[in-house]
Amino acid sequence: MDDLRALLIKVLKKIDPTLIEDTVDVKFIQNFKDRYDVFGQFKNGLGIYEFAVSFDNKGNIKREHVNMISPNKVRHDIEKKDL
């Protein structure tokens, strides 16, 4: 599993080099004979993103989708109002 996580981080860095590695949260993994389909979330300096990627055992991206869920500024403002 650690090998898959390392490969996933390598793939995500190709898509967004500014991602924070410690924030990668895998929600779903599906393994086919020649590829992995992975869904989850990560953070970077701008906000929180969700991703869905398909890649092979060598880290070649077959399909990718990355979408911002929440900008950091909005999240900070919401947390500030709750106090």
Side-chain angles (χ1 to χ4, degrees):
M1 189 65 163
D2 289 337
D3 294 338
L4 178 59
R5 184 171 173 80
L7 186 58
L8 172 63
I9 290 174
K10 178 182 167 186
V11 166
L12 290 174
K13 285 241 182 213
K14 288 180 187 177
I15 299 168
D16 182 2
T18 64
L19 80 93
I20 302 168
E21 291 181 21
D22 296 340
T23 64
V24 175
D25 182 23
V26 176
K27 304 287 185 184
F28 175 78
I29 299 173
Q30 188 169 9
N31 184 9
F32 292 101
K33 61 182 176 184
D34 62 342
R35 74 172 195 270
Y36 296 100
D37 293 333
V38 184
F39 171 76
Q41 294 181 350
F42 68 85
K43 293 180 185 178
N44 70 9
L46 298 176
I48 301 171
Y49 293 80
E50 67 181 2
F51 66 86
V53 294
S54 291
F55 55 93
D56 64 14
N57 295 332
K58 296 179 182 177
N60 298 318
I61 300 171
K62 303 298 182 186
R63 279 190 267 170
E64 67 177 86
H65 176 78
V66 177
N67 188 36
M68 181 183 275
I69 297 173
S70 173
N72 284 339
K73 183 176 181 344
V74 171
R75 189 159 195 90
H76 176 72
D77 289 347
I78 290 171
E79 290 171 353
K80 195 165 115 178
K81 286 182 182 180
D82 287 341
L83 296 175

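Computed from heavy atoms alone, side chains included, the values below leave out hydrogens, waters and symmetry copies.
Using a 30° and 60° split on the angle between ring planes, Tyr49 and Phe42 fall in the parallel class, below 30°.
A salt bridge links Asp37 with Arg35; the closest basic N to acidic carboxylate O contact falls under 4.0 Å.
Between the CD1 atom in Ile48 and the CD atom in Gln41 there is a gap of 6.5 Å [rounded to 0.5 Å]. Atoms CD and CD1, on Glu21 and Ile9 in that order, are 5.0 Å from each other to the nearest 0.5 Å.
For the pair Val11 and Lys13, the minimum side-chain heavy-atom distance is 4.5 Å or more.
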Exercise answer: donor-acceptor pairs, residues 60-70 side-chain atoms, under 3.5 Å, sequence neighbours excluded:
from, atom 1, to, atom 2, distance (Å)
Asn60, ND2, Asp56, OD2, 3.1

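With Tyr36 as reference, Asn57 is the one residue of Leu8, Asn57, Val53 to meet the side chain to side chain contact (heavy atoms under 4.5 Å, CB included) rule.
Both Ile29 and Leu12 sit in one connected hydrophobic cluster of ILVMFWY residues. Membership requires side-chain heavy atoms under 4.5 Å apart, directly or through other members. Under the 4.5 Å side-chain heavy-atom criterion for Ile, Leu, Val, Met, Phe, Trp and Tyr, Leu4 and Val26 are members of the same hydrophobic cluster.
In this structure, Asn72 contributes its side chain and Gly45 its backbone to a donor-acceptor pair below 3.5 Å. The main-chain N or O of Ala6 is never found under 3.5 Å from a side-chain atom of Asp3 such that the two would form a donor-acceptor pair. Proximity of a side-chain donor or acceptor of Lys14 to a complementary backbone N or O of Gly59 within less than 3.5 Å is detected.
When every heavy atom of Leu19 is checked against every heavy atom of Asn44, the shortest pair comes out as CA-CB, 3.9 Å.
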